[in-house]
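Written out below as structure tokens is the structure these notes cover.
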Number of protein chains: 2
Amino acid sequence: MAKYAPNRANRTGEGRKLSAKVTIHDVARESGVSIKTVSRVLNREPNVKADTRDRVQAAVAALHYRPNISARSLAGAKAYLIGVFFDNPSPGYVTDVQLGAIARCRQEGFHLIVEPIDSTADVEDQVAPMLTTLRMDGVILTPPLSDHPVVLAALEREGVAYVRIAPGDDFDRAPWVSMDDRLAAYEMTKHLVDLGHKDIAFIVGHPDHGASHRRHQGFLDAMRDSGLRVRDDRVAQGWFSFRSGFEAAEKLLGGADRPTAIFASNDDMALGVMAVANRLRLDVPTQLSVAGFDDTPGAKITWPQLTTVRQPIHAMAGAAADMLMQGVEREEGAPPPSRLLDFELVVRESTGPASH
Amino acid sequence: MAKYAPNRANRTGEGRKLSAKVTIHDVARESGVSIKTVSRVLNREPNVKADTRDRVQAAVAALHYRPNISARSLAGAKAYLIGVFFDNPSPGYVTDVQLGAIARCRQEGFHLIVEPIDSTADVEDQVAPMLTTLRMDGVILTPPLSDHPVVLAALEREGVAYVRIAPGDDFDRAPWVSMDDRLAAYEMTKHLVDLGHKDIAFIVGHPDHGASHRRHQGFLDAMRDSGLRVRDDRVAQGWFSFRSGFEAAEKLLGGADRPTAIFASNDDMALGVMAVANRLRLDVPTQLSVAGFDDTPGAKITWPQLTTVRQPIHAMAGAAADMLMQGVEREEGAPPPSRLLDFELVVRESTGPASH
DNA sequence: CCACCTTATGACAACGTTGTCATGACATGC
DNA sequence: GCATGTCATGACAACGTTGTCATAAGGTGG
């Protein structure tokens, strides 16, 4: 039984060499300086003569030297590792966050560790071990984990920095990145009102997500500002899932007395609404307008395509990674350095003029 | 300017202490043995008295000791890191792979590094640095990267083990995990034939994915075995995207002479077909049956729900992670230890009896 | 010209593990 | 009973970096 290593290259004898490990010592020798000076150049530390720096950089390039991340994190303070914690939001959301974060991380030589957390199981048991084994430089928290008390506490206890994406409350506790959910929902509602809709239904999102409440509030504010009444039976509770949107729509569209538009506070639920409309032979948008929120890939994967709000997920994740990598700083007592990014209303085919 | 560390725990006073770093030395002292013996217990090495092992394990538990992964990988051979490389397959696919791999990794104390590769840019430049900085124990390759020559070559040159998911060819080159795409497509076609369909169209997938050809072949085989002819204009080329399915369907359904069923070789394309059917006011499934492949979340997020093939993505990724963690082995000269996992035909509402 | 500061550099320890080798306690074979 | 082997353990080096401190070279002010 031999170690199967298509990879270890020369399994058939002395063969061709593996690309030999190049260490900082090799670079030091090649450029005629000490390893410490090489280290300085690599880490952009001050007090290195321009001439010396150039020689070292030339040697690094010539030898294709790459610092070993384990040695780095063992010796120094940084681990060059950023974590992303998530708990099954939609796949589209998750990958978008990852892509946004990685794009920034690559530039700085950081890597991304993804950690799904199952909040129905013991969260402490999942978080604590990974925090102590890998000493990550920071963690990006996605909703609903952005507000999970056990996760936040564990992170703080272990001394690991974190940035929350779209947290629900406790904004002064730690840095965050978010968008103005209330305003976005407000504008979407206005869009429907402008199309002539007066009887608009709303499907609320998962109560554990802070964004749910903000979107709901934006809807209510817009209706009030437009002088329109919101009937109690026109607001349904959902859970951000297709199924919950489907069920809410069945309730909303079940009787003869139907709203002319439904604003679902995320795309998955909006797709559930579309499915019900389809089933009831209601034409979208002539008989019913449907609006979503998020602009997930699914929004375009339906007919008619969904009018929705584009969340800057990619940018939010990138901003979060940035903050973590440069070691978030702030004035004593000042609020955490957080950022509110812009959204965009995406009007497609699922919304149209009110029918009556 | 103070370091902002909401994390450094006690910003509200002396509070509770940061969890102090516990090292192997502490465990050794606590249990009255040398650090080497502790190491042995931790790594399940032989030649440790049961009594000693118990004492060490008690100390580990009492002190909440977790080995530092950087030190481990610096000193030893293992890095406790598994990479997943992908290049924008659908988000659902990506997250499924991640979840499947992580479930296994957690048990063994491994972590997952995700690395999106942009195959339109210089692949070597993206792969080489990450392979040398992080010395991962192995990499899981998802299609179409499973067959990317530059990626495979870089992996082999750097001596990093890898397992390919659903590769297209060159099966003896390295271990892989896959499913029987041909058979699955064969059975799905049979399902349509059994429903009475004779004029069935097929949408081929992205030519860079090995699975595309296998699915196409399965379709052709089933048609032939059923004594049915496949008209040339009933086979359209797609790219596994919603849009490509949409466009293919427009061509397929454009004239008066229409097939009674369309088998799209993935769900995204099938959803494109559904959108066109919707637009043309063709009822699914009474006027047109539509079948997909993959059972992505999107398959349930449409009305009617899609008849499709459930790929064991989660299990495939888990198996791949397993192989990597236990250091893939095989007899000298024997084929790589690979695995073919079971699929499942999922019949939902989008397919029904032929209409004429 | 001396004291002192700044800049550029290197020697060496430290980081927390695992690998290698040595050692002592026992058991086994003849 | 002695050579030989196996088991259980520990001392110590090694892994490849960064942090700390020392030191030499050059600049500045009196």
Side-chain angles (χ1 to χ4, degrees), chain A residues 20-57 59-60 63-81 109-111 131-135 137 327, chain B residues 19-57 59-60 63-81 109-111 131-135 137 159 327:
Chain A
K21 234 175 293 181
V22 180
T23 75
I24 198 170
H25 292 93
D26 302 316
V27 178
R29 191 172 338 105
E30 176 80 10
S31 48
V33 298
S34 72
I35 57 168
K36 180 65 222 193
T37 298
V38 175
S39 171
R40 271 188 268 259
V41 172
L42 260 29
N43 293 289
R44 300 195 195 82
E45 287 174 31
N47 301 339
V48 179
K49 257 201 296 198
D51 170 49
T52 309
R53 178 169 46 246
D54 293 347
R55 269 211 328 284
V56 170
Q57 278 164 346
V60 166
L63 298 173
H64 295 293
Y65 166 72
R66 307 282 170 188
N68 176 307
I69 205 172
S70 299
R72 270 189 148 176
S73 67
L74 181 57
K78 286 194 267 183
Y80 295 91
L81 252 29
F110 279 63
H111 295 264
L131 254 26
T132 42
T133 52
L134 240 37
R135 298 218 140 254
D137 300 299
Chain B
S19 74
K21 233 176 294 185
V22 179
T23 76
I24 198 171
H25 292 93
D26 301 317
V27 178
R29 192 175 333 107
E30 178 80 9
S31 48
V33 297
S34 73
I35 58 168
K36 181 63 221 195
T37 297
V38 176
S39 172
R40 270 189 268 261
V41 172
L42 260 29
N43 294 288
R44 299 194 197 83
E45 285 174 32
N47 303 339
V48 178
K49 260 201 293 197
D51 168 50
T52 310
R53 179 170 45 247
D54 294 346
R55 269 213 325 284
V56 171
Q57 278 165 346
V60 166
L63 299 173
H64 294 291
Y65 166 72
R66 308 280 170 190
N68 176 306
I69 205 172
S70 299
R72 271 188 147 176
S73 66
L74 181 57
K78 287 194 267 181
Y80 296 91
L81 252 28
F110 279 64
H111 295 264
L131 253 27
T132 42
T133 51
L134 240 37
R135 296 218 139 252
D137 299 298

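The nearest pair of heavy atoms linking A:Leu81 to A:Phe110 is N-CD2, 3.9 Å.
Within the structure, the salt bridge (charged side-chain N to carboxylate O under 4.0 Å, His left out) test picks out the following pairs touching residues 39-54 of chain A (sequence neighbours left out): A:Asp51-A:Arg55.
Among the nucleotides C:dG16, D:dG16, C:dT9, the one closest to any side-chain atom of A:Asn68 is D:dG16.
The stretch residues 69-80 of chain B touches DNA chain D through B:Leu74, B:Ala75, each having a heavy atom under 4.0 angstrom from the strand. Non-hydrogen atoms lying under 4.0 Å from DNA chain C are contributed by A:Val33, all within residues 25-33 of chain A.
Using five terminal pairs a side, the axes of the helix from C:dC1-D:dG30 to C:dC30-D:dG1 at its two ends make an angle of 30°, given in steps of 10 degrees.
The shortest distance between side-chain heavy atoms of A:Arg66 and B:Leu131 does not fall below 4.5 Å. Counting only heavy atoms from C-beta outward, the side chains of A:Pro67 and A:Ile24 never approach each other to under 4.5 Å. Put simply, the side chain of B:Tyr80 reaches to within 4.5 Å of the side chain of B:Arg72, judged on heavy atoms.
Taking the side chain to side chain contact (heavy atoms under 4.5 Å, CB included) definition, one finds that B:Leu74 meets it with A:Ser70, A:Ala71, A:Leu74, sequence neighbours left out. Under the rule for a ring-ring contact (aromatic ring centres under 6.0 Å, His included), B:Tyr65 has no partner lying at least two apart in sequence or in another chain.
Taking 4.0 angstrom as the limit, B:Asn47 places none of its side-chain polar atoms (N or O) nearer than this to OP1 or OP2 of D:dT6. In terms of phosphate contacts, A:Thr37 brings no side-chain nitrogen or oxygen within less than 4.0 Å of OP1 or OP2 of C:dT9. Remark: B:Ser39 is in phosphate contact with C:dT18, judged by side-chain N or O atoms under 4.0 Å from OP1 or OP2.
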For residues 28-35 of chain A, please give each side-chain donor-acceptor pair under 3.5 Å, one per line with the distance, not counting sequence neighbours.
unit_1, atom_1, unit_2, atom_2, d
A:Arg29, NH2, A:Asp26, OD1, 3.1
A:Ser31, OG, A:Val27, O, 2.7
A:Ser34, OG, A:Lys36, N, 3.4
A:Ser34, OG, A:Thr37, N, 3.3
A:Ser34, OG, A:Thr37, OG1, 3.4

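Of the two residues near DNA chain D, B:Val48 and A:Ile24, the one whose nearest nucleotide lies more 5' is B:Val48. Between B:Tyr65 and A:Ile35, it is A:Ile35 whose nearest contact on DNA chain C lies nearer the 5' terminus.
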### Message
So if I define the base as every atom that isn't primed, P, OP1 or OP2, how would nucleotides 20-28 of chain C read as a B/S/- string at a heavy-atom cutoff under 4.0 Å?
### Response
B--------
